[in-house]
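Order of listing sets the numbers, starting from 1, for every ligand and every atom in it. Below, all heavy atoms of this structure are taken into account, side chains as well, without hydrogens, waters or symmetry copies.
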Amino acid sequence: MSGGLDRVAVALDTSDRAELAAWAERFGPRVGALKVGLEAFVRFGPAGVAEARRHARALFLDLKLHDIPNTVAGAVAAARDLGADLLTVHAGGGPAMIEAAARAAAGGPTILAVTLLTHLDERELDRLGLPGPPAERVLDWVRLARAAGAGGAVCSPRELPAVRGAAPPPFQLVTPGIRPAGSAADDQRRSASAAEALDAGADLLVIGRPLTRAADPEAALAALARELGGAS
Ligand code: C5P
């Protein structure tokens, strides 16, 4: 029943080990990837990653690494050994850090650059000494990350069209903030439907609560498959 679900990564954001296992088992074989982020990683470590890996068709480790190049290279090598297929680093770490990550990942995970975190608005960026429109900074940092060897980037649905224009395939665009048609927005401020995001050029859609916290996860998955079946 996969359909377009191979373009979906389910975010396993939980501090409950039994929940992590149940979600991994339910969603892992049926979607493109399972995503382990900071919450589950800090709580459960490599054992939690192994649990996800056991059921996943691909493993997305969303650790948003940001440190000196040598340290990031070591962490990337460790993530490769954990079986990560996708791994995030902060574009703000700069070209040398991204190059070190890409080198350490050779033959292993695709390095995805996280540009601006979506909670940073123009005023906060100004206070950080990073003036100018956030959208332009996102584009600059995507170009920089791509030139430094990143295989893709994470961006919000709103930024997708511009970023896709600046970074054509096979550069991968991964998009959170997806709210399947008819589901609650939660705390996502720049959401789009799954079909809209695919049409705007996303390769992989990160979806958490609309699936994991759905009253009827099977029905939510089936509805998502139908929605994606109609997208390009
Ligand atoms: O539950 P929900 O579908 O909102 O989950 C979205 C996932 O995408 C979470 O794991 C979150 O950490 C991640 N994410 C996000 N917004 C960003 C970057 C990552 O929601 N700007």
**Message:** Hydrophobic clustering (ILVMFWY, side-chain heavy atoms < 4.5 Å, transitive) - are I68 and V72 grouped together?
**Reply:** no
Here the atoms of ligand 1 under 4.0 Å from any heavy atom belonging to A11 are 10 (O)
Ligand 1 to D13 polar contact by distance, N or O atoms, under 3.5 Å:
yes
One finds that the ligand 1 atoms under 4.0 Å from a non-hydrogen atom of R209 are 1 (O), 2 (P), 3 (O), 4 (O)
query: Mind checking whether G37 has a heavy atom under 4.0 Å from ligand 1?
result: no
So for P210 against ligand 1, with non-hydrogen atoms under 4.0 Å, the contacting part is side chain
P69 and E99, any side-chain heavy atoms less than 4.5 Å apart: no
R54/E25 salt bridge by N-O under 4.0 Å criterion
no
Checklist line | Any H119 heavy atom less than 4.0 Å from ligand 1 | finding: no
Contact check: G208 vs ligand 1, nitrogen or oxygen atoms, below 3.5 angstrom
yes
V206 heavy atoms within 4.0 Å reach ligand 1 at atoms 7 (C), 8 (O)
Inspect the contact between D140 and R143 and indicate whether a charged nitrogen and a carboxylate oxygen are less than 4.0 angstrom apart.
yes
Checklist entry - Counting both backbone and side chain atoms, is some N or O of K64 under 3.5 Å from an N or O of ligand 1? => result no
Separation between CD (E196) and OG1 (T175), nearest 0.5 Å, reads 12.0 Å
Next on the checklist: Please determine whether the number of non-hydrogen atoms from other residues, nucleotides or ligands lying under 6.0 Å from atom CZ of R43 exceeds 12.
Outcome noted: no
For this session: Taking the side chain as every heavy atom from C-beta outward, state whether P46 and E51 have any pair of such atoms under 4.5 Å apart.
Result: no
Min heavy-atom dist L117 to ligand 1 below 4.0 Å: no
Sequence neighbours excluded, the answer for side chain to side chain donor-acceptor pair (under 3.5 Å) partners of R213 is E19
Test item, R179 contacting ligand 1 (heavy atom, 4.0 angstrom)
yes
